[in-house]
Amino acid sequence: MHTADGGRVRNQPVCSLEDEAEVPTEEIGRGYETGERIVPLTDDDLAQLPLPTAKTLTILAFVPAGDVDPLQIERGYYVAPNGPAANKPYVLLRDAMDDHGSVAIDKITLRSKETLTLVRPMGELLVLHSLRWPDQIRTPTGLVPDRPADISKDELAAAEELMESFGPLDEEDLRDHYREQVEEIVAAKLEDREVEAPGEGPQPPGQVLDLMAALEDSVRAARSARGEGAGGTEASVTPLRAVEDKVAGASKRSTSPKSVRAPKEAGGKKTTARAPAKKAAAKKKATGGRRAG
């Protein structure tokens, strides 16, 4: 939009060699950029190319669904049978892939280009996803942390507890709240009324000084968001070194090694140097992992 008068700003084709002069549609053609120049390609040039996937989908192989790298997946399309005669092959392919746990890797022409695709069953439908070609995926060279990070068992157990505390995926989170707020601003302006400013969520801290404390706070916040307030069991992550020091101090004050007991926590529960790791491991076995489909 042109802010001076509210007019629509349009994108117009112009030629970079003719002082940005507008180019008519009949003078726009295809070209292949090589870096130094643009090589023109005509419809006759492209018509001579062998393109067996121009009107049909060619299946290359059936592979386990887990073998496809999610980085390759692009857009998705619903696939429907082309007439009554195609119903039986459609259902047969769908059910066979579903029973076998496989997906089909294919080639098809989309928008005048041969495209690598994936076909998979989804309920009673078949779904097609366009895929990136392997040479279109960049290598992650230089992205892996260059310094090794020492992760303790307590930190790993606390992180796993945080993951479990999030619970199942809430459908409310799958809405585009930003778009809804923009639409509300537009509606308010059309109705000539005040725009209600949306409330701001909690701001993340600028610097994390204690990883264990941050994990504890995150667990408490996640449980509080699900309504598990003061009535629920409060999350606790006890550093292993601190527990060992307490146990060692109790041993020195005891007259008999057999009567050594670990100090009680604020909640009255007994703990030992191995308690945090055992508790986390037991919880992990009891709950099990769930993966969102």
Side-chain angles (χ1 to χ4, degrees), residues 1-16 19-25 28 70-80 110-111 122-125 127-132 136-138 140 143 145 155 158-237 287 289-293:
M1 184 189 78
H2 188 195
T3 57
D5 54 18
R8 183 189 297 270
V9 177
R10 301 181 183 277
N11 294 324
Q12 297 178 336
V14 296
C15 179
S16 60
D19 297 329
E20 304 296 329
E22 185 175 351
V23 180
T25 304
I28 299 177
L71 283 174
Q72 286 188 262
I73 299 176
E74 293 188 312
R75 297 187 177 185
Y77 306 85
Y78 293 123
V79 179
L110 295 175
R111 301 182 183 89
M122 188 186 74
E124 297 183 351
L125 286 173
V127 179
L128 180 144
H129 296 276
S130 58
L131 300 177
R132 294 182 178 91
Q136 292 178 324
I137 299 177
R138 298 175 58 184
L143 301 180
E155 291 171 337
E160 292 175 356
E161 185 176 4
L162 172 61
M163 294 167 59
E164 294 172 357
S165 69
F166 274 79
L169 182 64
D170 189 351
E171 292 185 3
E172 182 68 16
D173 294 332
L174 301 180
R175 293 168 48 194
D176 189 348
H177 296 284
Y178 181 82
R179 185 192 65 188
E180 293 175 357
Q181 292 172 3
V182 171
E183 292 174 350
E184 172 60 24
I185 294 175
V186 173
K189 291 190 173 185
L190 290 175
E191 298 171 5
D192 196 20
R193 56 181 172 85
E194 291 292 331
V195 179
E196 297 181 3
E200 295 185 358
Q203 297 296 325
Q207 184 178 8
V208 177
L209 300 178
D210 187 340
L211 178 59
M212 300 297 287
L215 288 171
E216 286 183 1
D217 292 341
S218 298
V219 172
R220 280 192 289 267
R223 289 180 174 174
S224 176
R226 297 204 318 272
E228 299 179 10
T233 303
E234 187 171 355
S236 176
V237 181
T287 57
R290 290 195 305 170
R291 186 175 181 181

(message) Run the side-chain contact (heavy atoms from CB on, under 4.5 Å) test against Arg193 and tell me which residues pass, sequence neighbours left out.
(response) Glu184, Ala187, Ala188, Glu191

For [X], does the [atom1] atom have more than 12 heavy-atom neighbours from other residues, nucleotides or ligands under 6.0 Å away?
X: Glu22; atom1: CD; answer: yes
X: Glu180; atom1: CD; answer: yes
X: Asp5; atom1: CG; answer: yes

(request) Can you measure from CG (Asp170) to CZ (Arg175) and round to the nearest 0.5 angstrom? (result)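 Reported to 0.5 Å precision, the distance equals 10.0 Å.
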
(message) Any non-hydrogen side-chain atom of Gln72 less than 4.5 Å from a side-chain atom of Ile137?
(response) yes

Specify the closest pair of heavy atoms between [X] and [Y], including all atoms of both residues, with the distance to one decimal.
X: Val79; Y: Leu125; answer: O-CD2, 4.4 Å
X: Asp176; Y: Arg179; answer: OD1-N, 3.1 Å
X: Arg111; Y: Arg75; answer: NH2-NH1, 3.8 Å
X: Val23; Y: Ile28; answer: CG1-CG1, 3.8 Å
X: Leu174; Y: Leu169; answer: CD2-CD2, 3.9 Å

(request) Might you work through the side-chain contact (heavy atoms from CB on, under 4.5 Å) test for Glu160 and Glu155, ending with a clear yes or no? (result) CA-CA 9 Å; Glu160 292 175 356; Glu155 291 171 337; over 6 Å; no

(message) Test of understanding: with salt bridge (charged side-chain N to carboxylate O under 4.0 Å, His left out), list the residues that count as partners of Arg132, not counting sequence neighbours.
(response) Glu74

(request) Might you work through the side-chain contact (heavy atoms from CB on, under 4.5 Å) test for His129 and Tyr77, ending with a clear yes or no? (result) CA-CA 6 Å; His129 296 276; Tyr77 306 85; over 6 Å; no

